[in-house]
Amino acid sequence: MADPTFKDLFRAATRSAVHLEMRDGYMRDADFLQWQAGQRFDPAERWRSWFDLVQQTTGRGVEVRRARIVSEPITDYIRFEYDVTSAHNVAAGEKVRWLPRRKASDVPLPGNDFWLFDGNAVLFNHFAGNGDMLESEYTTDASVAKLCADAFEAVWDRAIPHEEYHPA
C-alpha cells in the first residue's frame, strides 16, 4: 500500500496538524522572486488551494499550528514568509509562532522540517541545500512521532505569536 499523500493526511486529521520549519530559506520560486522585486500580491488568492484546505480543516475543528525557527537578522526568504503570513496562513485559520534560533539551542530537534498529524503520523520534508524540495518521508513510528511532538511543543511554548513578533 502506498503512503498517504500530504492532502490525504490533512483531510484525515481529526485533532491536529502541526508544522515545524527550521530552515532560513526555501525554494526561490516565482512567488518569492516577484515579492523580492517589490511586486506584491494577495496570498489568499495566489495560494487558494492551500487557503481552502486549511479553512476546511479548521472548520472541522482540527487545530492547525505552524512554528518557525529563524535566524536573526532574518533572511530575505523569511521576510517574505513573514510578510505573507497574516494574509495567507493566519487568515486561513493557522496559528503561527516564530522562535529566534538563539532561543532554541537546548531544544532536541529532529533533523528535518515536518508535519505531524494527530500526534502519530509524521511527514518529513527533505530539501536540497538551495531550498528546493526533494522528497517527503512518511512514518508512523511511535518514537519518531513522540520526538516530533515533544520538539514542536517545546518550540511552540517558547515561540512568539505572529501578531507579536517583530523580526530583526
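If you read the sequence from its start, that first residue is 1, and numbering goes on from there.
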Item to complete: Please examine the side chains of R11 and F6, heavy atoms only from C-beta on, and report whether any two atoms are closer than 4.5 Å.
Response: no

Discussion item. Quick check: closest heavy atoms across L147 and P108, and the distance to 0.1 Å?
Written reply: CD1-O, 4.5 Å

Item to complete: Verify side chain to side chain donor-acceptor pair (under 3.5 Å) between R60 and T14, making sure each step is shown before the conclusion.
Response: CA-CA 8 Å; R60 295 191 330 263; T14 59; over 6 Å; no

Discussion item. Looking only at side-chain N and O atoms, does D24 offer a donor or acceptor that is under 3.5 Å from a partner on S71?
Written reply: yes

Worksheet item: After noting the C-alpha distance and the side-chain angles of Q34 and R46, does the key distance pass the side chain to side chain donor-acceptor pair (under 3.5 Å) rule?
Response: CA-CA 12 Å; Q34 181 181 347; R46 180 68 57 95; 3.0 Å; yes

Fill in: Salt bridge E153-R65, side-chain N to carboxylate O under 4.0 Å
yes

Discussion item. For L99 versus A104, what's the shortest heavy-atom pair and its separation?
Written reply: CD2-CB, 3.7 Å

Item to complete: Start with the C-alpha distance between L20 and W115, add both sets of side-chain angles, then the distance that settles side chain to side chain contact (heavy atoms under 4.5 Å, CB included), and finish with yes or no.
Response: CA-CA 7 Å; L20 183 60; W115 277 94; over 6 Å; no

Fill in: Point-to-point distance, once rounded to the nearest 0.5 Å, from CD1 of I78 to CD of E21
7.0 Å

Fill in: Same apolar cluster (I L V M F W Y, side chains within < 4.5 Å links), F114/L109
yes

Discussion item. Strictly below 4.0 Å, N to O, side chains only: are E72 and R102 in salt-bridge contact?
Written reply: yes

Worksheet entry | Residue pair L116 / C148: nearest heavy atoms and the distance that separates them | CD2-C, 4.2 Å

Discussion item. Ring centroids only, cut at 6.0 angstrom: are W35 and Y77 within range, meaning strictly under it?
Written reply: no

Discussion item. For D132 and N130, which I'm curious about, is there any donor-acceptor pair between the side chains at under 3.5 Å?
Written reply: yes

Practice prompt. Please check if V107 and V70 belong to a single hydrophobic cluster, counting links between Ile, Leu, Val, Met, Phe, Trp and Tyr side chain heavy atoms closer than 4.5 Å.
Written response: no

Worksheet item: Under 6.0 Å between ring centres, would you say that holds for H19 and F152?
Response: no

Response to the item:
In this structure, NE2 of H88 is separated from CG of D31 (nearest 0.5 Å) by 9.0 Å

Item to complete: Decide side chain to side chain contact (heavy atoms under 4.5 Å, CB included) for E94 and F51; before the verdict, give the C-alpha distance in whole Å, the side-chain angles of both, and the deciding distance to 0.1 Å.
Response: CA-CA 10 Å; E94 284 187 66; F51 197 85; over 6 Å; no

Worksheet item: Can you find a pair of side-chain heavy atoms, one from D76 and one from F32, that are under 4.5 Å apart?
Response: yes

Item to complete: State plainly whether the residues E63 and K95 are in salt-bridge range, i.e. N to O under 4.0 Å.
Response: yes

Worksheet item: Nearest heavy-atom pair of A87 and A44: which atoms, and what distance?
Response: O-CB, 3.7 Å

Fill in: Carboxylate-amine/guanidinium proximity below 4.0 Å for R158 and D106
yes

Worksheet entry | F80-M133 co-clustered via ILVMFWY side chain contacts under 4.5 Å | yes

Discussion item. Using side-chain heavy atoms (C-beta onward) and a distance below 4.5 Å, is E163 in contact with V90?
Written reply: yes

Worksheet item: Are V96 and Y165 close enough that some pair of their side-chain heavy atoms sits under 4.5 Å apart?
Response: no

Worksheet item: Given W98 and E81, is the side chain to side chain donor-acceptor pair (under 3.5 Å) satisfied, shown in steps?
Response: CA-CA 11 Å; W98 303 81; E81 285 188 331; over 6 Å; no

Worksheet item: Do you know which two heavy atoms are closest between R79 and P167, and how far apart they sit?
Response: NH1-CG, 3.5 Å

Worksheet item: Would you call M22 and V155 a side-chain contact if the rule is heavy atoms closer than 4.5 Å?
Response: no

Practice prompt. Please examine the side chains of P4 and Y138, heavy atoms only from C-beta on, and report whether any two atoms are closer than 4.5 Å.
Written response: yes

Worksheet entry | Distance-minimising heavy-atom pair for F117 and L123 | CE1-CB, 4.4 Å

Item to complete: With side chain to side chain donor-acceptor pair (under 3.5 Å) as the test, would you mind laying out the steps for Y26 and D113 before giving the verdict?
Response: CA-CA 11 Å; Y26 294 88; D113 290 11; 2.3 Å; yes

Worksheet item: Does any non-hydrogen side-chain atom of F124 lie less than 4.5 Å from one of T139?
Response: yes

Worksheet item: Do you see a donor-acceptor pair shorter than 3.5 Å between the side chains of H126 and S136?
Response: no

Practice prompt. State, without any angle test, whether D141 and S143 hold a side-chain donor-acceptor pair at a distance under 3.5 Å.
Written response: yes

Discussion item. Any non-hydrogen side-chain atom of Y82 less than 4.5 Å from a side-chain atom of H162?
Written reply: yes

